[in-house]
Amino acid sequence: MEDIRLDTKDLPEKARALRAGQRVLLSGVAYTSRDAAHKRICEMLDKEEKPPYPIKGAAIYYAGPTPAPEGLPIGSCGPTTSGRMDPYTPRLLDLGLACMIGKGKRSEEVCRAIERNGAVYLCAIGGAGALAARCIESAEVIAFEDLGCESVKRLVLKDFPLLVAIDCAGGNILV
């Protein structure tokens with residue numbers, strides 16, 4: 001199977017063509033957000049405040065990276081169990097979220113939201129955070145610094161290896 005090279009900026013248009021089981025090498029900007037950050041982002045949206053990054057077209061990586069060792073942009077950066085974000089995800093998908101990166105199964109509601117919005121769920125390899133960090137060229141805290149490792153970070157990825165787990169055509173390798 002051939003790897004598909006994608007840039008995050010192309011996900012809004014190219015996600016619809018991805019199919020469960022395909023391998024992707026993803027480059028471009030992604031934002032880390034875990035459950036505490038998702039809760040705050042949804043609270044901001046409830047108050048009609050601008051979230052820390054544009055949701056429309058975004059790629060979110062469910063990760064809480066460790067501090068960066070000297071000379072590196074980030075520490076270990078493996079995926080978090082995605083189901084923890086399921087209460088918030090359909091809303092973000094309906095606002096135009098293009099891609100989620102994590103590990104593990106998603107709820108039926110999230111799967112339906114992926115389908116209706118032409119989005120994609122990509123899985124990273126759990127337990128390989130140090131290796132994943134090698135594909136991150138830069139990392140910058142952009143919101144919720146008080147959350148420590150769970151703060152929202154703007155990452156720049158380069159050939160980050162992923163697997164299409166759930167596609168917008170109903171394909172799902174996790175069932």
Side-chain angles (χ1 to χ4, degrees), residues 4 6-20 22 24-65 77-124 132 135-136 139-144 147 150-157 160-174:
I4 299 166
L6 281 178
D7 193 285
T8 56
K9 71 180 179 330
D10 298 325
L11 281 168
E13 69 182 56
K14 300 213 174 178
R16 292 185 184 277
L18 296 174
R19 291 298 170 256
Q22 290 180 309
V24 172
L25 294 175
L26 190 63
S27 298
V29 174
Y31 300 94
T32 64
S33 292
R34 286 181 25 171
D35 38 332
H38 272 68
K39 181 179 181 189
R40 287 191 187 178
I41 289 168
C42 286
E43 288 169 350
M44 293 174 82
L45 293 170
D46 289 343
K47 296 176 189 173
E48 298 183 10
E49 295 174 359
K50 187 176 177 181
Y53 53 87
I55 303 299
K56 187 173 179 73
I60 295 177
Y61 183 24
Y62 303 142
C77 193
T80 297
T81 301
S82 302
R84 293 175 25 201
M85 276 52 74
D86 284 1
Y88 311 103
T89 301
R91 180 180 189 181
L92 299 180
L93 286 164
D94 290 341
L95 290 172
L97 179 64
C99 173
M100 299 141 299
I101 302 165
K103 67 178 181 182
K105 293 182 179 186
R106 306 308 301 266
S107 70
E108 188 58 39
E109 187 179 6
V110 169
C111 292
R112 286 192 305 267
I114 289 169
E115 288 181 40
R116 80 173 164 264
N117 290 291
V120 66
Y121 171 52
L122 305 172
C123 279
C135 299
I136 299 171
E140 171 191 8
V141 174
I142 61 168
F144 315 141
L147 294 177
E150 291 196 40
S151 64
V152 174
K153 295 168 190 67
R154 181 185 185 275
L155 306 179
V156 176
L157 309 176
F160 195 91
L162 301 162
L163 187 66
V164 177
I166 303 172
D167 65 41
C168 65
N172 186 340
I173 65 168
L174 303 171

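Residue indices begin at 1 and follow the sequence shown.
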Under 4.0 Å between a side-chain nitrogen and a carboxylate oxygen: does that hold for Asp35 and Arg40?
no
Cationic N near anionic O, under 4.0 Å, Arg116 to Asp94:
yes
State, yes or no, whether a side-chain contact exists between Cys99 and Leu122 at a heavy-atom distance under 4.5 Å.
yes
How about Met44 and Pro52: do any of their side-chain heavy atoms sit closer than 4.5 Å?
yes
Heavy-atom nearest pair, Thr80 first then Gly64, reads OG1-N, 4.1 Å
Between Asp46 and Arg91, does a side-chain contact (heavy atoms from CB on, under 4.5 Å) hold up when you go through it step by step?
CA-CA 11 Å; Asp46 289 343; Arg91 180 180 189 181; 2.7 Å; yes
If I take atom CD from residue Glu43 and atom CD from residue Glu49, how far apart are they, to the nearest 0.5 angstrom?
9.5 Å
Determine whether a donor-acceptor pair (N or O, by modelled atom type, separation under 3.5 Å) exists between the side chain of Asp10 and the backbone of Leu6.
no
Thr81 versus Tyr62, side-chain donor and acceptor atoms under 3.5 Å
no
Checking Tyr121 side chain against Cys111 main chain: does a donor-acceptor pair fall under 3.5 Å?
no
Between Phe160 and Leu25, is any pair of side-chain heavy atoms under 4.5 Å apart?
no
Would you name the heavy atoms of Gln22 and Ala17 that are closest together and state the gap between them?
OE1-O, 4.1 Å
Looking at CG of Asn172 and CD1 of Ile166, how far apart are the two atoms once the value is rounded to the nearest 0.5 Å?
4.0 Å
Donor-acceptor check, side chain of Asp167 to backbone of Gly171, threshold 3.5 angstrom: yes or no?
yes
Pair Leu18, Cys168 - check side-chain contact (heavy atoms from CB on, under 4.5 Å), show working.
CA-CA 8 Å; Leu18 296 174; Cys168 65; over 6 Å; no
For the student: nearest non-hydrogen atoms of Gly57 and Pro12, plus distance:
CA-CG, 3.7 Å
Pair Val164, Ile4 - check side-chain contact (heavy atoms from CB on, under 4.5 Å), show working.
CA-CA 10 Å; Val164 177; Ile4 299 166; over 6 Å; no
What are the two closest non-hydrogen atoms of Cys42 and Tyr88, and how far apart are they?
SG-CD2, 3.8 Å
Using a 4.5 Å cut-off on heavy atoms from C-beta on, say whether the side chain of Val24 contacts that of Val120.
no
Got a second to check how far His38's NE2 is from Arg34's CZ, nearest 0.5 Å?
11.5 Å
Derivation and outcome, side-chain contact (heavy atoms from CB on, under 4.5 Å), residues Leu157 and Cys135:
CA-CA 6 Å; Leu157 309 176; Cys135 299; 5.8 Å; no
Side-chain contact, heavy-atom cut-off 4.5 Å: Ser33 with Tyr53?
yes
Just verifying a value: how many Å separate Leu97 CG and Ile114 CD1, rounded to the nearest 0.5 Å?
9.0 Å
Please check this pair: side chain of Thr89 against backbone of Met85, looking for a donor-acceptor N/O pair closer than 3.5 Å.
yes
Gap between atom CD1 of Ile41 and atom OH of Tyr31 - 0.5 Å precision
11.0 Å
Nearest non-hydrogen partners of Pro90 and Ala113, listed with the distance
CA-CB, 3.9 Å
Side chains of Val29 and Arg154: does their closest heavy-atom pair fall under 4.5 Å?
yes
Heavy-atom nearest pair, Ala37 first then Leu147, reads N-CD1, 4.0 Å
Does any non-hydrogen side-chain atom of Glu108 lie less than 4.5 Å from one of Asp86?
no
Look up atom OG in Ser82 and atom CD1 in Ile60, then write down how far apart they are to the nearest 0.5 Å.
10.5 Å
Taking the side chain as every heavy atom from C-beta outward, state whether Val156 and Ile136 have any pair of such atoms under 4.5 Å apart.
no
I'd like to know if the side chain of Thr32 and the backbone of Lys153 have a donor-acceptor N/O pair within less than 3.5 Å.
yes
